[in-house]
Amino acid sequence: MAFVNMKSKEVQAKIVYYGPGRGGKTTNLEYIYSKFRERIKSDMVSIKTHGDRTLFFDFLPFDIGKIMGYDVKVQLYTVPGQVKYDATRRLVLKGVDGMVFVADSQVSQRKKNILSLKNLQENLATYKKSIFKIPLVLQYNKRDLKDVPLLPVQQMDKDMNSQLKVPSFEGSALTGHNVVPTLKKIISQTMASLQNVLK
Amino acid sequence: MDYDDDGISFSEYTIEGEQIDMLDNILDEYVAESCANSAMLIDMAGNIIAQQDNGACEHDLYSLAALASANFAAVDTMAKLVGESEFSLLFHKGESESIHFSKVNSEFLLITIFGKDVTLGLLRLKVADALTKINAIWE
Ligand SMILES: Nc1nc2c(ncn2[C@@H]2O[C@H](COP(=O)(O)OP(=O)(O)OP(=O)(O)O)[C@@H](O)[C@H]2O)c(=O)[nH]1
Ligand SMILES: [Mg+2]
């Protein structure tokens, strides 16, 4: 539910990073925050536990400049990935315009990725939204890991993207690899979905 | 979806340009009469619809709006869990700044930030006034 102010020519759109616990959602936002420090005027807001796990959400407002004559503000959010936080996770999805699903590439996390994606589909459904219609980008994160077995990309595609058929990136939120391309992709998909409003 | 050239458009609801002017006026008057520091109308997703302040307010409003909508949603969910339809008063008191939340309707919240010289009693009177005026816009 992007908010488009035709009077002040401003758009506020909500993009949510979703995925299993410890998958790297918060690390994605931290990288974006450090990379675009000079363009982001406010601090990143994180509601987290003492152990640095996301408890409610991270929030980062990001001014991306003018698109089609509108001043576009993208509000980046992460959800808590831990299974037990489903109630708060669902609240963060309220009014979402675009999503990044951050999957963990470790072989040991395969099942968690699939369950989390299924959980996303169910939670979107509570807002009468379809995972097949909402702008969505997949990120296969932690490709930098060397000492643990990683899932082949084809396997991850098969597990998560065989029906969705959305853009996907191999990435590393820790090194920053493909973090910005992931963000750019979801912004352009989200803006494209708003085109009919921004005439 | 239909909308005016100078209106505001949502996927779920629409506000005309004229209505934004009315909202700005109501908030402006509300801030002046209640002596609050700042008032904003936000939606349940954390977007800022309209905002007015006394000119001396330097808070990060986008973050405040995101947190306020989330806080409201969390408290609302807690109310449901204990079998209440809602908790009517939401108010956080600080040493020098306090925050007051009121539900306008199912889509919007009015968030007020005020200083220690404003009493909660006066504020609640003025909030009630503002809510009546805001709701009248959609009648
Ligand atoms: N090697 C490696 N580690 C990563 C990467 N991304 C995140 N991590 C690490 O994984 C751990 C969890 O990362 P977070 O970003 O907190 O994960 P999250 O998805 O926000 O987790 P929740 O908040 O619990 O849902 C941290 O120790 C990160 O440093 C990556 O790309 N490579
Ligand atoms: Mg996190």
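Any value given below was found using the heavy atoms of this structure, including those in side chains, with hydrogens, waters and symmetry copies removed. These numbers were taken from a predicted model, which means no experiment stands behind them.
- Transitive grouping of hydrophobic side chains (ILVMFWY, heavy atoms separated by less than 4.5 Å) brings V127(B) and F108(B) into a common cluster.
- The nearest pair of heavy atoms linking I47(A) to L67(B) is CD1-CD2, 3.6 Å.
- Heavy-atom minimum distance, A66(B) versus F57(A): O-CZ, 4.1 Å.
- Heavy atoms of T88(A) lying under 4.5 Å from chain B are absent altogether.
- Contact between D43(A) and S63(B) at its shortest, heavy atoms only, is O-OG, 4.3 Å.
- Listed here is the closest heavy atom pair of K94(A) and A45(B): O-CB, 3.6 Å.
- Connection of L117(A) to M99(A) is established within a shared hydrophobic cluster, with ILVMFWY side chains joined at heavy-atom distances below 4.5 Å, either directly or through further cluster members.
- Between Q12(A) and the choices D43(B), I49(B), N47(B), the side chain to side chain contact (heavy atoms under 4.5 Å, CB included) rule is met once, by N47(B).
- By the neighbour-count criterion of 12 heavy atoms within 6.0 Å, atom CD of E95(B) is sparsely surrounded, having that number or fewer from other residues, nucleotides or ligands.
- Proximity to chain B (any heavy atom under 4.5 Å) is shown, for K41(A), by neither the backbone nor the side chain.
- Annotation: R124(B), atom CZ; neighbour count of heavy atoms from other residues, nucleotides and ligands within 6.0 Å does not exceed 12.
- The contact between T77(B) and chain A is made entirely by side chain atoms (from C-beta outward), counting heavy-atom distances below 4.5 Å.
- Counting non-hydrogen atoms of other residues, nucleotides and ligands closer than 6.0 Å to NZ of K111(A) gives a total of 12 or fewer.
- The hydrophobic cluster containing L120(B) also contains Y30(B), counting ILVMFWY residues as joined when their side-chain heavy atoms lie under 4.5 angstrom apart, directly or transitively.
- Residues F3(A) and I48(B) share a closest heavy-atom pair of CE2-O, 3.2 Å.
- Using a 4.5 Å cut-off between side-chain heavy atoms of Ile, Leu, Val, Met, Phe, Trp and Tyr, with links allowed through other members, F87(B) and F101(B) fall into the same hydrophobic cluster.
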